[in-house]
A.B. asks: 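First, the structure itself, so that you have it in front of you.
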Amino acid sequence: MCESGEGIIIDGGTTTYQMCEHLAERNLQVLTNSLYIVNALLGQETTQLIVPSGPIFREQNIILAPAGEVSMPNFHASKLFLGAAAVSQRGIFQADALLVASQRRFLDRTDKVILLVDSSKLQTTSGAIVCGLDRIDRLITDDRADPKLIDTLRDAGLRHIDLVQAED
């Protein structure tokens with residue numbers, strides 16, 4: 001989904017981390033707040049890495065930019081690859097207020113949002129709403145997703161949903 005030379009944002013998370021190996025040789029500019037993602041992309045010589053400044057949130061191994069605009073690089077991306085703690089017809093959820101603020105800053109810096117979550121995230125709601133489904137351009141999840149939940153998300157306005165084969 002990434003074109004050569006494109007600028008993208010990859011939100012920190014275990015599901016977004018899975019895409020890193022597929023980005024080699026694409027000459028991307030990548031803004032991320034995840035130290036795991038930085039580490040995964042460091043070996044890709046053609047990938048330019050950009051990170052915000054701020055304290056490290058050890059629980060998730062991400063850099064939080066509490067000062068907002070001051071500590072977030074002046075960067076705009078064509079796509080944001082976003083994770084979530086939960087997804088429902090009400091929107092995208094995170095349990096931690098700092099994560100919500102970080103993700104909202106990413107949302108302000110991108111044109112399209114691709115949500116990457118495993119199917120277990122479609123069965124819960126958690127904490128604060130990051131954004132509504134109207135801000136999500138595409139959902140990618142595994143094929144274990146309950147078809148009724150997928151229908152509910154489509155009925156709520158999420159039109160582009162891709163199911164990928166789950167790994168055991």
Side-chain angles (χ1 to χ4, degrees), residues 1-87 91-122 124-131 133 135-142 162 164 166-167:
M1 296 183 78
C2 299
E3 301 296 325
S4 182
E6 194 170 30
I8 65 170
I9 301 172
I10 305 175
D11 180 44
T14 56
T15 308
T16 52
Y17 175 82
Q18 300 301 316
M19 69 181 285
C20 292
E21 66 183 272
H22 303 287
L23 300 179
E25 306 305 322
R26 297 198 185 259
N27 302 313
L28 298 173
Q29 294 179 337
V30 178
L31 170 62
T32 186
N33 58 353
S34 168
L35 297 177
Y36 289 123
I37 290 172
V38 167
N39 192 48
L41 297 176
L42 273 175
Q44 297 180 12
E45 294 181 16
T46 63
T47 301
Q48 181 184 36
L49 294 167
I50 305 161
V51 296
S53 63
I56 295 172
F57 187 55
R58 286 196 166 113
E59 184 177 322
Q60 301 221 352
N61 214 3
I62 63 172
I63 302 166
L64 293 177
E69 297 298 324
V70 175
S71 57
M72 184 68 75
N74 188 10
F75 183 80
H76 186 83
S78 56
K79 295 178 185 100
L80 163 61
F81 294 88
L82 185 69
V87 181
I92 309 311
F93 293 81
Q94 280 294 357
D96 188 285
L98 290 174
L99 295 176
V100 170
S102 176
Q103 287 184 325
R104 286 181 180 165
R105 281 193 289 278
F106 282 163
L107 286 164
D108 289 341
R109 289 175 162 71
T110 192
D111 296 324
K112 293 186 179 181
V113 180
I114 296 102
L115 182 65
L116 301 169
V117 293
D118 68 75
S119 59
S120 70
K121 307 283 178 75
L122 304 178
T124 60
T125 56
S126 172
I129 295 176
V130 175
C131 67
L133 291 182
R135 187 63 177 97
I136 305 302
D137 295 288
R138 173 168 252 112
L139 166 65
I140 301 174
T141 192
D142 61 84
D162 299 322
V164 296
E167 294 182 10

A.B. asks: What's the separation between atom CD1 in I62 and atom OH in Y36, rounded to the nearest 0.5 Å?
C.D. replies: 11.0 Å
A.B. asks: Say whether, by atom type as modelled, one donor and one acceptor occur between the side chain of T32 and the main chain of I10 under 3.5 angstrom.
C.D. replies: yes
A.B. asks: Measure from the side-chain N and O atoms of R104 to the backbone N and O of V130, and report whether any donor-acceptor pair falls under 3.5 Å.
C.D. replies: yes
A.B. asks: Which atom names give the shortest non-hydrogen contact between H22 and Q18, and what distance separates them?
C.D. replies: CD2-O, 3.6 Å
A.B. asks: Run the side-chain contact (heavy atoms from CB on, under 4.5 Å) check on K121 and F93 step by step: do they pass?
C.D. replies: CA-CA 9 Å; K121 307 283 178 75; F93 293 81; over 6 Å; no
A.B. asks: Please determine which of L28, N27, L23 meets the side-chain contact (heavy atoms from CB on, under 4.5 Å) test together with T46.
C.D. replies: N27
A.B. asks: Could you check whether any side-chain heavy atom of I114 comes within less than 4.5 Å of a side-chain heavy atom of M1, counting everything from C-beta outward?
C.D. replies: yes
A.B. asks: Atom CZ in F81, atom CZ in F106: separation rounded to 0.5 Å?
C.D. replies: 13.0 Å
A.B. asks: Do K79 and D111 sit within salt-bridge range, that is, some charged N less than 4.0 Å from a carboxylate O?
C.D. replies: no
A.B. asks: State, with a plain yes or no, whether a side-chain heavy atom of L139 is found less than 4.5 Å away from one of D162.
C.D. replies: no
A.B. asks: Pair I8, L80 - check side-chain contact (heavy atoms from CB on, under 4.5 Å), show working.
C.D. replies: CA-CA 6 Å; I8 65 170; L80 163 61; over 6 Å; no
A.B. asks: After noting the C-alpha distance and the side-chain angles of Q103 and D11, does the key distance pass the side-chain contact (heavy atoms from CB on, under 4.5 Å) rule?
C.D. replies: CA-CA 7 Å; Q103 287 184 325; D11 180 44; 2.6 Å; yes
A.B. asks: Between R26 and E6, is the closest basic N to carboxylate O distance under 4.0 Å?
C.D. replies: no
A.B. asks: Does the side-chain contact (heavy atoms from CB on, under 4.5 Å) test come out yes or no for V117 and T15, once each step is laid out?
C.D. replies: CA-CA 6 Å; V117 293; T15 308; 5.6 Å; no
A.B. asks: Specify the closest pair of heavy atoms between Q29 and F75, including all atoms of both residues, with the distance to one decimal.
C.D. replies: OE1-CE1, 3.6 Å
A.B. asks: I'd like to check L116 versus L82 (side-chain heavy atoms, cut-off strictly below 4.5 Å). Are they in contact?
C.D. replies: no
A.B. asks: Checking R135 side chain against L107 main chain: does a donor-acceptor pair fall under 3.5 Å?
C.D. replies: yes
A.B. asks: When you measure from the side chain of T16 to the backbone of G83, do you find a donor-acceptor pair of N or O atoms at a distance under 3.5 Å?
C.D. replies: no
A.B. asks: What are the two closest heavy atoms between A85 and A95, and how far apart are they?
C.D. replies: CB-N, 4.3 Å
A.B. asks: Quick one: OG on S34 to CZ on F57, what's the gap to the nearest 0.5 Å?
C.D. replies: 13.0 Å
A.B. asks: Assess whether atom OH of Y17 is packed by more than 12 heavy atoms of other residues, nucleotides or ligands within 6.0 Å.
C.D. replies: no
A.B. asks: So which heavy atom on I136 is nearest to which on C131, and how close?
C.D. replies: CD1-SG, 3.9 Å
A.B. asks: SG/C20 to CD/Q44 distance, rounded to the nearest 0.5 angstrom?
C.D. replies: 7.0 Å
A.B. asks: Quick one, I63 and L35 - any side-chain contact, counting heavy atoms below 4.5 Å?
C.D. replies: yes
A.B. asks: Whether the side chain of N33 engages the backbone of G12 through a donor-acceptor N/O pair (distance < 3.5 Å, no angle test) should be reported.
C.D. replies: yes
A.B. asks: Can you find a heavy atom in the side chain of R138 that is under 4.5 Å from one in the side chain of I140?
C.D. replies: yes
A.B. asks: Could you measure the distance from the CD1 atom of I9 to the CD1 atom of I37? Nearest 0.5 Å is fine.
C.D. replies: 12.0 Å
A.B. asks: What closest approach, in Å, do V38 and L49 show between heavy atoms, and which atom pair accounts for it?
C.D. replies: O-CD1, 3.8 Å
A.B. asks: Checking D142 side chain against S119 main chain: does a donor-acceptor pair fall under 3.5 Å?
C.D. replies: yes
